[in-house]
Structure formats: structure tokens, C-alpha cells
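None of the values given here were measured: they were computed from a predicted structure. Along the sequence shown, residues carry numbers from 1. Order of listing sets the numbers, starting from 1, for every ligand and every atom in it.
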Amino acid sequence: MSFYMTYLARWPDYFHVAEAPGNQIMGYIMGKVEGHGESWHGHVTAVTVAPEYRRQQLAKKLMNLLEEISDKIDKAYFVDLFVRASNTPAIKMYGKF
Ligand SMILES: CC(C)(COP(=O)(O)OP(=O)(O)OC[C@H]1O[C@@H](n2cnc3c(N)ncnc32)[C@H](O)[C@@H]1OP(=O)(O)O)[C@@H](O)C(=O)NCCC(=O)NCCS
């Protein structure tokens, strides 16, 4: 918990929640901006969409938002992330983006 609270305090622009009517959480993204010189970049720490809201382009919207913030506000050169090698759906998604 303290790990993510530190993230939130330091990079609040990189935390977004998508809510359905009734305040049900549909999905969220969290990240940060880091690096030096030409490796100054945005980083996706986690992106998750609740099972009942998947395949409606919500992760795409959240990823686009993080990319936009890292580009326009922080002037980052690129965005990176880690994904587990066994996470085929996420790898397909990132490949499409
Ligand atoms: C991966 C995840 C975030 C995708 O969320 P989503 O909102 O369903 O994704 P989108 O609707 O924006 O999908 C965009 C594109 O990614 C690809 N994609 C997404 N889910 C996919 C799946 N299960 N299988 C294959 N391709 C997939 C598709 O090309 C899709 O476009 P399409 O629906 O027009 O074909 C969601 O499945 C999830 O939360 N998984 C568990 C957490 C996780 O693995 N997060 C990533 C960790 S690195």
C-alpha cells in the first residue's frame, strides 16, 4: 500500500479510474515518468479492466490517456512497460497498440 501511495503522491497525473454509473470501478491505470536525457519516458505500472467491461476499448482509452500525458505534459520520448510472458491477451493488446 505504501508503495502505491508514494506513486500516487509523486505522479498524480498518471493515475486514472474509469467509473460506471453508481461509482462501480470499470478499470484503472497507474504509471509514472522517469529516466534521463533521451531515455526520459512514461511508464505503465498497471492497467486493469474489470472482466465485465473488457473488449470495449477501455484499456485503449486509458493507455492513450497515459501516452498523451507523458507526451504533452512531461515531454517524454516514449512509453514503456513490463508484461508477463504468459499474459497472451495483454501482449496481443500491446502489439496492436
Ligand atoms: C489486458 C486488459 C487490460 C485489456 O482490457 P480491455 O479494455 O478489454 O482492452 P481493449 O478493449 O482496449 O482492447 C484493445 C485491443 O487489444 C486486444 N485485446 C484485448 N484483450 C484481448 C484478448 N483477451 N485477447 C486478444 N486480444 C485482446 C484486441 O486487439 C483489442 O481490440 P479489439 O477488441 O478491437 O479486437 C484486460 O484484459 C485486463 O485487465 N486483464 C487483466 C490485467 C492485465 O493483464 N493487465 C495488463 C498487465 S501488463
>> Can you list everything that forms a side chain to side chain donor-acceptor pair (under 3.5 Å) with Y53? Sequence neighbours excluded, please.
In response: Q24
>> Within this structure, what is the CG-CE distance for the pair L58 and M63, rounded to the nearest 0.5 Å?
In response: 12.0 Å
> Say you draw a straight line from CE of M1 to CG of L8; how long is it, rounded to the nearest 0.5 Å?
Replying inline: 9.0 Å
> To the nearest 0.1 Å, how far is atom 2 (C) of ligand 1 from its closest protein heavy atom, and which atom is that?
Replying inline: M93 SD, 4.2 Å
> What atoms of ligand 1 come closer than 4.0 angstrom to any heavy atom of N87?
Replying inline: 43 (C), 44 (O), 47 (C)
> Do V47 and ligand 1 have an N or O pair less than 3.5 Å apart?
Replying inline: yes
> Which atoms of ligand 1 sit under 4.0 Å from any heavy atom of T48?
Replying inline: 39 (O)
> What orientation do H43 and H41 show, parallel under 30°, tilted 30 to 60°, or perpendicular over 60°?
Replying inline: perpendicular
> Which residue owns the protein heavy atom closest to atom 31 (O) of ligand 1, what's the atom, and how far is it?
Replying inline: K96 NZ, 3.0 Å
> Donor-acceptor pair, T6 side chain versus S2 backbone, under 3.5 Å?
Replying inline: yes
>> If you measure every N or O of Y53 against every N or O of ligand 1, does any of those distances drop under 3.5 Å?
In response: no
> Quick one: does V49 get an N or O within less than 3.5 Å of an N or O on ligand 1?
Replying inline: yes
> For atom 41 (C) of ligand 1, what is the nearest protein heavy atom, given as residue, atom name and distance?
Replying inline: R54 NH2, 3.5 Å
>> Which residue and atom name correspond to the protein heavy atom nearest atom 12 (O) of ligand 1, and how close is it?
In response: K60 N, 2.9 Å
>> What's the separation between atom NE2 in H16 and atom CG in L66, rounded to the nearest 0.5 Å?
In response: 7.0 Å
>> For atom 7 (O) of ligand 1, what is the closest protein heavy atom, and at what distance to 0.1 Å?
In response: A59 N, 3.0 Å
>> Does only the side chain of Q56 get under 4.0 Å from ligand 1, or the backbone, or both, or neither? Count heavy atoms.
In response: backbone
> Between I91 and A85, which heavy-atom pair has the shortest distance, and what is it?
Replying inline: CD1-O, 3.5 Å
>> Show me which atoms of ligand 1 lie under 4.0 Å from any heavy atom of F82.
In response: 48 (S)
> For atom CD1 of I73, is the number of surrounding heavy atoms from other residues, nucleotides or ligands below 6.0 Å larger than 12?
Replying inline: yes
> Considering only protein heavy atoms, which is closest to atom 22 (C) of ligand 1, and at what distance to one decimal place?
Replying inline: R55 NH1, 3.2 Å
> What is the nearest protein non-hydrogen atom to atom 48 (S) of ligand 1, stated with its residue, atom name and distance?
Replying inline: Y94 OH, 3.2 Å
> Side chains of S39 and Y77: donor-acceptor distance under 3.5 Å anywhere?
Replying inline: no
> Which residue pairs satisfy the side-chain hydrogen bond (donor to acceptor under 3.5 Å, both in side chains) criterion with at least one member in residues 66-76, sequence neighbours excluded?
Replying inline: Y14-D74
>> Give me the nearest non-hydrogen protein atom to atom 23 (N) of ligand 1 as residue plus atom name, then the distance to 0.1 Å.
In response: P89 CB, 3.3 Å
>> With heavy-atom distances below 4.0 Å as the criterion, list the atoms of ligand 1 near Q57.
In response: 10 (P), 11 (O), 12 (O), 31 (O), 32 (P), 33 (O), 34 (O)
